[in-house]
Number of protein chains: 2
Amino acid sequence: MKIMKVAEDKLKKAREEFIAQWGALGTQWGINRTMAQIHALLMTSPSAMCTDEVMEELSVSRGNAHTNLKELVNWGLIRMIVIRGDRRDFYEAEKDVWQIFTIIAKERKRREIEPAVALLNRCAEETKGLKGEDAKVFHKQVKDLEEFVTFASKMSDRVASMKHGLAIQLAAKILG
Amino acid sequence: MKIMKVAEDKLKKAREEFIAQWGALGTQWGINRTMAQIHALLMTSPSAMCTDEVMEELSVSRGNAHTNLKELVNWGLIRMIVIRGDRRDFYEAEKDVWQIFTIIAKERKRREIEPAVALLNRCAEETKGLKGEDAKVFHKQVKDLEEFVTFASKMSDRVASMKHGLAIQLAAKILG
DNA sequence: CATAATTTTCATTAAATACTGAAACTACGA
DNA sequence: TCGTAGTTTCAGTATTTAATGAAAATTATG
């Protein structure tokens with residue numbers, strides 16, 4: 001089609017920008033560009049897509065598309081679906097923002113918080129009761145960090161396990 | 001000193017582990033290893049340190065030490081101090097965990113949240129009122145994300161600007 | 001002002017991470 | 001059982017990011 005309606009063109013441009021930039025942002029939060037782009041693509045797609053469509057839309061290799069689709073399935077941000085009479089695997093994104101948030105919070109906790117807590121625990125334990133100025137300073141700092149991070153972790157769990165509506169109520173209290 | 005007391009040895013081991021592992025964790029949250037290690041080193045140091053001491057302790061180059069010390073000062077996680085009669089710059093870490101938390105939250109917001117909000121705003125604006133199934137799907141998703149992220153951002157501000165004591169009270173409510 | 005101590009910059013090198021493309025594998029229908 | 005369409009893996013390559021080390025700039029001191 002040579003001539004495209006202005007509205008269609010606008011949408012296409014906006015969507016392309018969204019996908020490209022979401023990919024760039026992804027690298028900021030420690031997920032690779034392709035993974036973030038696929039996520040953006042599927043979140044804003046009106047229908048499920050197969051691997052080849054993803055490859056085509058983002059101009060990436062099959063291996064790259066495949067790896068990142070699987071990773072997104074692992075996270076729970078997208079799911080594989082089967083279409084009757086089609087041998088290919090299709091994928092669709094979770095679109096509920098609260099769900100997306102809780103999934104990401106859970107994953108971040110697993111990768112960023114839990115190892116930190118484990119380390120802090122270990123270091124606090126190993127230096128408990130040691131004498132001397134240096135040991136005191138070290139132990140206190142590590143202990144303080146441990147308590148704070150453990151606490152923050154519990155809070156995060158609590159909030160992430162709420163129903164969307166309840167979380168909104170809580171937020172209203174805080175902001176109000 | 002050839003022979004070291006057991007207690008000193010234990011402390012040294014624990015501190016070395018803490019610094020090494022904190023560095024590894026740092027890479028998970030998108031800050032480079034050296035920066036995280038310097039932070040760990042200074043947080044658990046009983047006194048301020050100069051660049052050469054940092055280089056020595058972590059076995060890193062002058063350039064690397066310098067760059068990351070400056071970056072930590074920028075963040076506000078450490079500060080430069082002057083010692084009478086010594087030309088060298090010394091550095092000491094902020095040790096209060098609530099302060100550390102608010103500084104990190106602020107920086108993360110600036111780097112991760114704000115650009116996302118700007119993008120979502122732009123994309124929602126550009127597709128407002130467009131006709132067609134695809135445009136509707138795109139606009140709704142982007143709008144939902146925008147609202148959620150804006151909201152989360154406000155919450156984060158609110159919590160980070162609280163005094164430690166108040167935050168604890170609030171947390172007690174949530175956990176209670 | 002000269003010089004010595006220290007900090008800062010930056011071109012180069014090294015390390016970590018992401019991507020490609022082709023081969024191996026799997027499942028299915030003829 | 002063979003051929004085909006699709007999926008999965010992975011060695012090699014490209015890209016991105018971090019670290020080095022030496023030179024340039026800055027600052028204090030006699």
Side-chain angles (χ1 to χ4, degrees), chain A residues 19-42 48-75 78-92 107 111-112, chain B residues 19-42 48-75 78-92 107 111-112:
Chain A
I19 292 166
Q21 290 300 115
W22 200 253
L25 285 176
T27 64
Q28 294 283 328
W29 350 307
I31 74 172
N32 76 53
R33 196 178 62 232
T34 305
M35 184 168 156
Q37 285 187 335
I38 295 176
H39 187 222
L41 180 68
L42 290 176
M49 297 175 76
C50 67
T51 307
D52 290 71
E53 287 168 334
V54 171
M55 289 165 60
E56 170 66 18
E57 287 286 335
L58 303 180
S59 309
V60 297
S61 71
R62 181 172 305 282
N64 194 8
H66 175 78
T67 305
N68 287 293
L69 282 164
K70 286 287 125 134
E71 188 66 3
L72 283 163
V73 169
N74 265 353
W75 279 50
I78 68 174
R79 36 186 170 268
M80 222 184 76
I81 65 175
V82 175
I83 292 185
R84 267 181 54 98
D86 197 322
R87 288 171 60 171
R88 294 168 300 177
D89 295 342
F90 282 75
Y91 300 90
E92 70 177 10
E107 190 65 21
R111 302 200 306 172
E112 303 180 3
Chain B
I19 291 166
Q21 289 300 114
W22 199 254
L25 285 175
T27 66
Q28 294 284 327
W29 357 305
I31 74 172
N32 76 54
R33 195 178 61 232
T34 305
M35 184 168 154
Q37 286 187 337
I38 295 176
H39 186 222
L41 179 68
L42 290 176
M49 296 176 76
C50 66
T51 307
D52 289 72
E53 287 168 336
V54 171
M55 289 166 61
E56 170 64 19
E57 286 288 333
L58 304 179
S59 309
V60 297
S61 70
R62 181 173 304 283
N64 194 9
H66 175 80
T67 306
N68 287 295
L69 281 165
K70 287 285 125 136
E71 189 65 4
L72 283 163
V73 170
N74 265 352
W75 280 49
I78 67 175
R79 40 187 167 269
M80 223 184 75
I81 65 174
V82 175
I83 291 185
R84 265 180 57 99
D86 199 323
R87 286 171 62 171
R88 294 168 299 176
D89 295 342
F90 282 74
Y91 301 90
E92 71 177 9
E107 190 65 21
R111 301 200 306 172
E112 301 180 5

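Quick note on labels: first sequence line is chain A, next is B, and so on, each numbered from 1.
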* Asked: Partners of B/Thr67 by side chain to side chain contact (heavy atoms under 4.5 Å, CB included), sequence neighbours excluded?
  -> none
* Structure fact -> note: B/Gln37, atom CD; D/dA18, atom P; distance rounded to Å ~ 14 Å
* To do: Give the first and the last nucleotide of DNA chain C, reading 5' to 3', that has any atom under 4.0 Å from a heavy atom of chain B.
  => C/dA4 to C/dT9
* To do: Please name all residues satisfying side chain to side chain contact (heavy atoms under 4.5 Å, CB included) with B/Val73, sequence neighbours left out, ordered by chain then number.
  => B/Ile78, B/Tyr91
* Please list, chain by chain and in numerical order, all residues satisfying side-chain hydrogen bond (donor to acceptor under 3.5 Å, both in side chains) with A/Thr34, sequence neighbours excluded. => A/Asn64
* Interatomic distance, A/Arg88 CZ vs D/dT7 P [rounded to whole Å] -> 8 Å
* Taking the nucleotide of DNA chain D with the closest heavy atom to each, which residue, A/Phe90 or A/Arg33, is nearer the 5' end? -> A/Phe90
* Would you indicate, yes or no, if D/dT8 has its OP1 or OP2 atom less than 4.0 angstrom from a side-chain nitrogen or oxygen of A/His66? => yes
* Structure fact -> For B/Asp86, the side chain to side chain contact (heavy atoms under 4.5 Å, CB included) test, sequence neighbours excluded, returns B/Ile83, B/Arg88, B/Phe90
* Can you list every pair that meets salt bridge (Lys or Arg N to Asp or Glu O under 4.0 Å) and has a residue in residues 50-63 of chain B, with sequence neighbours left out? -> B/Asp52-B/Arg62
* **Sequence-aligned protein contact record of nucleotides 20-30 of chain D, with B where the base is within under 4.0 Å of a protein heavy atom and S where only the sugar-phosphate is** => BB-----BS--
* **Mutual orientation of the aromatic rings belonging to B/His39 and B/Trp22 [parallel < 30°, tilted 30-60°, perpendicular > 60°]** => tilted
* Please name all residues satisfying side chain to side chain contact (heavy atoms under 4.5 Å, CB included) with A/Gln28, sequence neighbours left out, ordered by chain then number. => B/Arg111
* Asked: Taking only residues two or more places apart in sequence or in another chain, which ones pass side-chain hydrogen bond (donor to acceptor under 3.5 Å, both in side chains) with B/Glu71?
  -> B/Trp75
